[in-house]
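To keep things clear, I will list the structure first and then write my remarks on it.
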Amino acid sequence: MSVGLSHGGTTMYTAREPSTEVLVGTMDGLVALRRSGGAWSVERETLDDLHVHAILLDESSGTIFAGAYRGGLYASVDGGATWEQRDHGIGVKSLFCLAKADIGGKRRIFAGTEPAHLYYSDDAGAHWDEFPKLRSVGSLPRWRFAADPFEAHTKHINFDPADPDHLYVSIEVGGLLESTDGGRTWADIDVPHPDVHRTVMDPRTPGRLLTSGGAGLLETTDGGATWNQLLDKTNDIGAYPDLLVHVPSDPAELYLAASQTGPRSWVDVGVAGGRIGRSRDGG
C-alpha cells in the first residue's frame, strides 16, 4: 500500500502490512520513496516546480490526486508515474486541501482552495462543482490570512465518522464551519479563536471534537457548544499546533505536530522550534 505525506491531504491510513511506498509533497514537486528491506530510497520525482500541498489516494478509481498551491489539481492513474491536470470546474488555482468520503453509495472527492472555496467531484475529478453556500456564513467578512496574499484558505475538511453528510471545514483564518446536509448549507460554530487548522473526531464518543490552531489544542464534547483548553500557548509541547491525528486502531493515541512559538517570531528567532507530541489518553 502507498501512503501520501502532505500538508493538506489524507493524514491517517489503515493497512494490513507496512507500506512500501510513500509519496511526499514538497515545494518543488512530488517525490516517491520506496522501501527495500530496512532502507528507503528515492524512486522518482515528478510534478517539478509545483508546490504540492495536498496528496489524496482514491483506491476506488485507482487515482492519485495532487493539489498544487498556485498550480491547480493533477491526477495520475499509473501510480504517480505520469500526471494530467484535472481541475475542470475549479475556479481557483491554489489547491490547499483534499479529502474523500463515500456518500450515497459513491465516492466523492472534495477540494479546498485559497481563496476559501469548497468543490466536489463524483467522477474521479473529471468535473467539479462548488458548494457555494460555504461562503454565505456570517463569519465571511472576517476571513483573512495574516500574510501575502492575505486571503483565507480552506485548511482542512473532515467528516463525522458516523455520518459522512456531516462535515466540518476549517478556515484559516476565519473559524470552523459545519454542514449536516452534505455541504448544501453551512453554519458557523462558535469557537474561542478563529484560527482553526484541523479537526479530529473521536469515533468512540459522538460530539467529541479536537481542534488545533492559533488558540492551541481545544476540545468540545458537545458538538461545539462549549470548549475546553487542552494545550495553551505556554505549554512545552508547542504553542502553535497544526497537524493532529489519532491512530486508527486506537483513537486514544494521538500525535500532534507543533512549533514552539507562533509564525510571527520564526523570522526573528530563526527557527520554529518544531516538535511532535504524543498522548495516550485521548488528549
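Atom set for the values below is all heavy atoms of this structure, side chains included, hydrogens, waters and symmetry mates excluded.
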In the structure I gave you, are the side-chain heavy atoms of [X] and [Y] within less than 4.5 Å of one another anywhere?
X: Trp128; Y: Ile109; value: yes
X: Ile64; Y: Asp58; value: no
X: His156; Y: Cys97; value: no
X: Ile157; Y: Leu118; value: yes
X: Thr154; Y: Ile171; value: yes
X: Ser259; Y: Trp266; value: yes
X: Leu244; Y: Leu217; value: yes
X: Leu243; Y: Thr11; value: yes

[X]: which residues meet the salt bridge (Lys or Arg N to Asp or Glu O under 4.0 Å) condition with it, sequence neighbours left out?
X: Arg108; result: Asp122
X: Asp195; result: none
X: Arg204; result: Asp202

* Tell me, with the steps shown, if His51 and Arg70 meet side-chain contact (heavy atoms from CB on, under 4.5 Å). => CA-CA 8 Å; His51 180 174; Arg70 298 180 178 175; over 6 Å; no

Could you give the distance from [atom1] ([X]) to [atom2] ([Y]), rounded to the nearest 0.5 Å?
X: Leu50; Y: Met27; atom1: CG; atom2: CE; answer: 12.0 Å
X: Ile237; Y: Ile276; atom1: CD1; atom2: CD1; answer: 11.0 Å
X: Arg44; Y: Leu30; atom1: CZ; atom2: CG; answer: 8.0 Å
X: Asp165; Y: Arg184; atom1: CG; atom2: CZ; answer: 6.5 Å
X: Ser94; Y: Glu114; atom1: OG; atom2: CD; answer: 5.5 Å
X: Leu256; Y: Ser279; atom1: CG; atom2: OG; answer: 9.5 Å

* To do: Would you mind listing every salt bridge (charged side-chain N to carboxylate O under 4.0 Å, His left out) that reaches into residues 73-93, with sequence neighbours excluded?
  => Glu84-Arg86, Asp87-Lys93

* Which residue pairs pass the salt bridge (charged side-chain N to carboxylate O under 4.0 Å, His left out) test when at least one of the two sits in residues 22-37, sequence neighbours left out? -> Glu21-Arg34, Arg34-Glu43

Considering non-hydrogen atoms only, spot the tightest contact between [X] and [Y] and give its length.
X: Trp40; Y: Leu33; result: CZ3-O, 3.6 Å
X: Phe110; Y: Ala101; result: CE1-CB, 4.2 Å
X: Ile90; Y: Ala111; result: CD1-CB, 4.3 Å
X: Thr14; Y: Pro248; result: OG1-CB, 3.3 Å
X: Pro241; Y: Ser212; result: O-CB, 3.7 Å
X: Gly67; Y: Leu95; result: CA-CB, 3.7 Å

Any link between [X] and [Y] through a network of hydrophobic side chains (Ile, Leu, Val, Met, Phe, Trp, Tyr) touching at under 4.5 Å?
X: Leu176; Y: Met201; result: yes
X: Phe131; Y: Ile103; result: yes
X: Leu57; Y: Tyr74; result: yes
X: Ile55; Y: Val245; result: no
X: Leu5; Y: Leu56; result: no

Are [X] and [Y] close enough that a side-chain donor and a side-chain acceptor fall under 3.5 Å?
X: Asp268; Y: Ser265; value: no
X: Trp83; Y: Thr46; value: yes
X: Ser139; Y: Asp188; value: yes
X: Ser179; Y: Asp181; value: yes

* Asked: Would Leu218 and Leu231 satisfy side-chain contact (heavy atoms from CB on, under 4.5 Å), going step by step from the backbone distance to the final call?
  -> CA-CA 7 Å; Leu218 304 176; Leu231 294 174; over 6 Å; no

Just by modelled atom types, is the [Y] backbone N or O under 3.5 Å from a matching donor or acceptor in the [X] side chain?
X: Ser121; Y: His127; answer: yes
X: Arg275; Y: Gly273; answer: yes
X: Ser6; Y: Gly9; answer: yes
X: Thr220; Y: Leu209; answer: no
X: Thr63; Y: Ala124; answer: no
X: Tyr119; Y: Gly91; answer: yes
X: Thr113; Y: Ala116; answer: no
X: Glu172; Y: Gly213; answer: no
X: Asp222; Y: Ala225; answer: yes

* Check: Phe96 ring centre within less than 6.0 Å of Tyr69 ring centre -> yes

* **Residues, nucleotides or ligands: over 12 heavy atoms within 6.0 Å of Arg264 CZ** => no

* Is it true that Lys100 and Glu59 have a side-chain N and a carboxylate O under 4.0 angstrom from each other? -> yes

* Answer yes or no: is there an ion pair linking Lys155 with Asp242, defined by an N-O contact shorter than 4.0 Å? => yes

* Scan residues 205-252 for pairs that pass ring-ring contact (aromatic ring centres under 6.0 Å, His included), counting only residues two or more places apart or in two chains. => His197-Tyr240

* Derivation of the side chain to side chain donor-acceptor pair (under 3.5 Å) call for Glu130 and Tyr120 -> CA-CA 6 Å; Glu130 185 177 0; Tyr120 69 95; over 6 Å; no

* side chain to side chain donor-acceptor pair (under 3.5 Å) between Glu178 and His166, worked out -> CA-CA 7 Å; Glu178 178 182 30; His166 187 182; 2.5 Å; yes

* **Trace of the side-chain contact (heavy atoms from CB on, under 4.5 Å) decision for Leu177 with Leu134** => CA-CA 8 Å; Leu177 310 184; Leu134 180 87; 3.4 Å; yes

* Please step through side-chain contact (heavy atoms from CB on, under 4.5 Å) for the pair Val191 and Thr211, ending with a clear verdict. => CA-CA 10 Å; Val191 289; Thr211 67; 5.7 Å; no

